[in-house]
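For reference, the structure discussed in these notes is given below.
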Amino acid sequence: MADPGGTPDSNDPRQELQRLARHLRLRLEGEGRAGLAAVGRAKPVQAPKCPAAPATGSIPEGATAAGAEEEEPACESDAEVRAAEAAKRELAERIAATKSPAASAAGSSREEQAPAVHVAGPRLFDLTSPDTDAGVPREEALARIVAEVAACPLCPELVANRTKTVPGQGSPYAKLLFIGEGPGQDEDLQGLAFVGRAGQLLTKMIESIAMTRDEVFIANIVKCRPPQNRQPTPEEAAHCRPFLMRQIAVLRPKVIMALGGVAAQNLLETHDGITRLRGRFYPFMGAKLMPTFHPAYVLRNYTPDVRKKVYDDLLKVKAELQA
Ligand code: URA
């Protein structure tokens, strides 16, 4: 990462981004408001709750259960409207930076170095397989999957221990699909994906690219909680695969974000680790799949570096959604 105090290099998009962030922070502070969160560092400014105002900054400091429940202030003054506009511009600039010639050059050279995905066997998600839900309205097709998941008997240990099945939820028209590993305790109790601490950070991640949970879809590799939050076995993942495959076929999302190594490895059929896989797109069932760190990993490793990597991945996703 560039030295924030060093000589600006006009060819370096990161330095340009930092310069913009500093400029914006100074402007906001000049207006008597809290400063803009520096990339991957400071506490973020909550974007005022004004029409179309996106959230700003990096993955937020203190994005914990308590943080997620903080009320946002109502939009009251001209300064807040200006701050919202500045936040919107800043998000657009960050996204543009991910598309700049310098950034794409960096991206393509990274892609050249990126490991090939090692396909282990038959494709998991065979687009030529019969489309069970063809011709059925999305809402109905998704509801059918929910009912089938609820009745699924395939994994004896998971069935014996589950409180509720967690099929996944969100907009039937979502362009962005998040796929995690499997439900935890909170999810098992509520029957909803990503509603615990990791889920609250996921909400912040979604909001950081000016979206809401209502407009995305959130699912998991397995739809029943593995006891003690252990990783799902390959057999359990294989049992759940047809449900997830059908959800993807119904949603036809533009972008899929695989949250964590288990999700990325299962989807891409690779043993490569998340650190190698993250940060670039892989073609997947007509969508572009971006692996990133799992929110629970981010909470355990709450460093500027990890937060910045996840935010960079999210900005690439946002740019792809807008392309
Ligand atoms: N972790 C996951 O991978 N999925 C959830 O739904 C919750 C936590």
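Order of listing sets the numbers, starting from 1, for every ligand and every atom in it.
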Shortest non-hydrogen contact from Pro183 to Asn220? N-ND2, 3.9 Å
Walk me through it: do Ile145 and Lys223 pass the test side-chain contact (heavy atoms from CB on, under 4.5 Å)? CA-CA 11 Å; Ile145 298 168; Lys223 299 180 184 298; 5.6 Å; no
Determine the minimum heavy-atom distance between Cys224 and Arg162, stating which atoms define it. SG-NH1, 3.2 Å
Partner of Met257 by side chain to side chain contact (heavy atoms under 4.5 Å, CB included), out of Val310, Asp313, Ile179: Asp313
Tell me, with the steps shown, if Asp312 and Lys316 meet salt bridge (charged side-chain N to carboxylate O under 4.0 Å, His left out). CA-CA 6 Å; Asp312 285 348; Lys316 286 181 192 164; over 6 Å; no
Exercise answer, ligand 1 polar atom pairs (N/O) under 3.5 angstrom:
residue  : atom  : partner : partner atom : Å
ligand 1 : 1 (N) : His294  : NE2          : 3.3
ligand 1 : 3 (O) : Glu181  : N            : 2.8
ligand 1 : 3 (O) : Gly182  : N            : 3.3
ligand 1 : 3 (O) : Gly182  : O            : 3.4
ligand 1 : 3 (O) : Asn220  : OD1          : 3.4
ligand 1 : 3 (O) : His294  : NE2          : 2.8
ligand 1 : 4 (N) : Gly182  : O            : 3.0
ligand 1 : 4 (N) : Asn220  : OD1          : 2.8
ligand 1 : 4 (N) : Asn220  : ND2          : 3.4
ligand 1 : 6 (O) : Phe194  : N            : 2.9
ligand 1 : 6 (O) : Asn220  : ND2          : 2.9

Can Leu267 and Leu244 be said to form a side-chain contact (heavy atoms from CB on, under 4.5 Å), step by step? CA-CA 10 Å; Leu267 293 167; Leu244 186 57; 4.0 Å; yes
